[in-house]
Asks: 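Just passing along the structure, written as structure tokens.
Given the structure is predicted, the values throughout are model-derived calculations rather than measurements.
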Amino acid sequence: MGQKGLTGFFENFLKQEPIFTNKKVLQSTYTPKTILHRDEQIDQLASILAPILRLERPSNVFVYGRPGSGKSLTIQHVCSNILRVAEKNKLEIKILYLNCKLKGVADTQYRLIANLAREFGIEVPVTGLPTDEIYKLFIKAIEKEKTLLIIILDEIDQLVKKIGDEILYNLTRINTELKNTEISLIGISNDLVFTNSIDPRVKSSLSEEELIFPPYNALQLQDILRQRAKIAFRNETIEEGVIEKCSAYAAREHGDARRALELLRVAGEISERKGKTNIKITDIDEAEEKIDKDTVIDIINTQPKQFKLVLYSITKIHFSSTNTPIFTGEIYDMYKEACFKVGLRPLTQRRVSDIIAEMDMLGIITTRVISKGRYGRTREICLAISDSIINNVSNILKEGLSL
DNA sequence: CGAGATTCATGTGAAGTATACCTTTAGGCTTAA
DNA sequence: AAGCCTAAAGGTATACTTCACATGAATCTCGTA
């Protein structure tokens, strides 16, 4: 569109019937008034946490469920209700939420505690203090306020996989050092067999209560989508079958409601951008690709240069020899070459091996350690994203690294 | 022909190193009495 | 002399390196049928 057309474009945009009436409803931060198909879990969680209103420490809870099965939503729902009642009755109750997956935020013991302390308004240095000093600061902070405290640790499986279960031990033990305040922990895990890998002592004290969130099935997903679509979109915007398709796609991915909603939202955005007034089934495919691309790009943008170089090397190898599995050695050679081009000192193979493992954790690639017998042992690596996205990503990386 | 032994390429754990940052402390400088 | 600032000392977390050992099936070796 030329410069002249710009005003016209905006005019048109304004005239055009908007597809969304309330887009927020489809965003993951939105909490609906009623949560569908989670009554059982809500009741359970509520009765576990209810004692806090009598100023008794509730049991620690461990929550399992695949991503997008409504864990965070349910917990938030219950907690905000508790807080509302607490406020009305002037009860000193605090609830902290922390997502452990965020790199550089809460991915080590130090950083996690530092973050909790920050919630209490203490300035904590990024590094430099001994970890137990941080603990002391944190304990002092919560003791000062004399409250009941619930700490919600989202995705702790990721954290424990990375740095071990010592932190959980410390947290469960922290109550013994407190006089005024009492702490309850709610651990959220995507990994169903996660507790197998932690110290049994920690396990028993952390999972005094357990809550399991089964994945939504396609029908339940449809209900959820309809509920929200009703608010989010103008009437008659959605073509027949769109909701069904969204939920089918998401059901395929272990009933991930978050994904279903995102699909719907992005599909809406896409058709809005195209200047259409309704959402077609074909928009969903486009939306799926866009979401995949965006998540990968998001991940990439938050990672350091070396990480990007490694990923770039993988994509390059992927295109030079399509559909054959990739091995660590190849990647490292390509990576070294890339480093040379950029003028960066290459990391050791040891470290690159760890970076590749991180990528696996992030879901960009899938790896499998295999033995090729006489020809050694290595990781077999496949990119977990579609070719067109890889191509796109590869170009972005290329540009970002000025290769 | 089959049971071990060997081999390769790299996984993986532990310990060491470099860097960035923190607090404490001691010394030097300034300032005000 | 008291107060303030600065730089050095001593300490820590984190990202990375170095070292050393572990892995596990294809291949080799060699004794036996």
Side-chain angles (χ1 to χ4, degrees), chain A residues 98-118 120-141 156 158-171 196-199 299-314 317-318 321 324-340 342-362 364-383 401:
Chain A
L98 206 55
N99 189 329
C100 305
K101 201 175 71 177
L102 301 173
K103 191 167 175 146
V105 176
D107 58 351
T108 67
Q109 189 165 172
Y110 181 94
R111 299 215 254 244
L112 187 129
I113 301 298
N115 256 300
L116 290 177
R118 266 183 217 122
F120 279 86
I122 308 177
E123 279 301 316
V124 189
V126 190
T127 169
L129 290 188
T131 305
D132 44 340
E133 196 65 30
I134 291 289
Y135 267 101
K136 273 182 212 150
L137 278 172
F138 174 59
I139 289 174
K140 213 168 94 189
I156 38 177
Q158 302 276 336
L159 182 66
V160 170
K161 254 182 217 147
K162 201 161 171 195
I163 58 164
D165 54 11
E166 193 190 334
I167 182 160
L168 293 183
Y169 180 72
N170 288 336
L171 278 176
N196 294 344
S197 58
I198 59 176
D199 190 318
I299 292 171
I300 292 169
N301 282 336
T302 56
Q303 295 295 338
K305 226 176 190 160
Q306 302 284 7
F307 186 98
K308 293 179 190 173
L309 271 168
V310 176
L311 187 60
Y312 171 73
S313 311
I314 296 176
I317 294 170
H318 175 84
S321 61
T324 48
I326 304 169
F327 304 113
T328 309
E330 290 177 80
I331 295 176
Y332 190 62
D333 289 344
M334 181 66 76
Y335 160 77
K336 266 197 300 199
E337 206 177 292
C339 277
F340 179 72
V342 184
L344 224 60
R345 201 165 59 84
L347 299 175
T348 49
Q349 181 151 351
R350 178 73 186 79
R351 178 66 188 140
V352 171
S353 178
D354 280 350
I355 289 178
I356 291 172
E358 275 175 46
M359 287 183 179
D360 189 18
M361 289 251 283
L362 288 169
I364 308 178
I365 58 177
T366 50
T367 72
R368 198 155 55 99
V369 179
I370 55 160
S371 174
K372 291 193 291 172
R374 180 74 177 65
Y375 305 103
R377 199 170 118 93
T378 185
R379 269 204 187 90
E380 191 184 81
I381 293 151
C382 294
L383 280 152
L401 298 163

Asks: For A/I331 and B/dT10, what is the distance between atoms CD1 and C1' respectively, to the nearest whole Å?
Replies: 12 Å
Asks: Using a 3.5 Å distance criterion without hydrogens, assess whether the side chain of A/S353 forms a donor-acceptor pair with backbone atoms of A/Q349.
Replies: no
Asks: For A/Q109, check side chain to side chain contact (heavy atoms under 4.5 Å, CB included) against everything at least two apart and list the hits.
Replies: A/T131, A/Y135, A/I163, A/E166, A/I167, A/N170
Asks: Can you run down the salt bridge (Lys or Arg N to Asp or Glu O under 4.0 Å) pairs that involve residues 366-378 of chain A, sequence neighbours left out, and say none if there aren't any?
Replies: A/R368-A/E380
Asks: What is the distance from CD of A/E380 to C1' of B/dT10, rounded to the nearest Å?
Replies: 14 Å
Asks: Using whole Å, what does the distance between atom C1' of nucleotide B/dT10 and atom CD1 of A/I381 come to?
Replies: 11 Å
Asks: With sequence neighbours left out, write down each residue that passes side chain to side chain contact (heavy atoms under 4.5 Å, CB included) with A/K336, or none if nothing qualifies.
Replies: A/Y332, A/D333, A/P346
Asks: Please give, in whole Å, the distance from C/dT12 P to A/Y110 OH?
Replies: 12 Å
Asks: Looking at every non-hydrogen atom in both residues, tell me the closest pair between A/F120 and A/A141 and how far apart they are.
Replies: CB-CB, 4.0 Å
Asks: Nearest heavy-atom pair of A/Y335 and A/L347: which atoms, and what distance?
Replies: OH-N, 2.9 Å
Asks: Return the value, rounded to whole Å, for the distance between atom CD of A/E358 and atom P of B/dT12.
Replies: 14 Å
Asks: Measure the distance from CD1 on A/I370 to P on B/dG11 and round it to the nearest whole Å.
Replies: 10 Å
Asks: Looking at residues at least two apart in the chain, or sitting in another chain, which of them share a salt bridge (charged side-chain N to carboxylate O under 4.0 Å, His left out) with A/D360?
Replies: none
Asks: Any idea which heavy atoms bring A/I364 and A/I299 closest together, and the distance?
Replies: CD1-CG2, 3.8 Å
Asks: Whole angstrom is fine here: how far is it from CZ in A/R345 over to P in C/dA15?
Replies: 16 Å
Asks: Encode nucleotides 18-30 of chain C as B, S and - characters from 5' to 3', where the letter depends on protein heavy atoms closer than 4.0 Å: B to the base, S only to sugar-phosphate, - to neither.
Replies: B----BBBBS---
Asks: Polar atom pairs between nucleotides 17-23 of chain B and protein, under 3.5 Å, N or O only, would you list them?
Replies:
residue	atom	partner	partner atom	Å
B/dC22	O4'	A/T127	O	3.2

Asks: If you compare all heavy atoms of A/E330 against all heavy atoms of A/P325, which two are closest, and at what distance to 0.1 Å?
Replies: OE2-O, 4.1 Å
Asks: Are OP1 or OP2 of B/dT10 and a side-chain N or O of A/T328 less than 4.0 angstrom apart?
Replies: no
Asks: C/dT12 P sits how many Å from A/L137 CG, rounded?
Replies: 15 Å
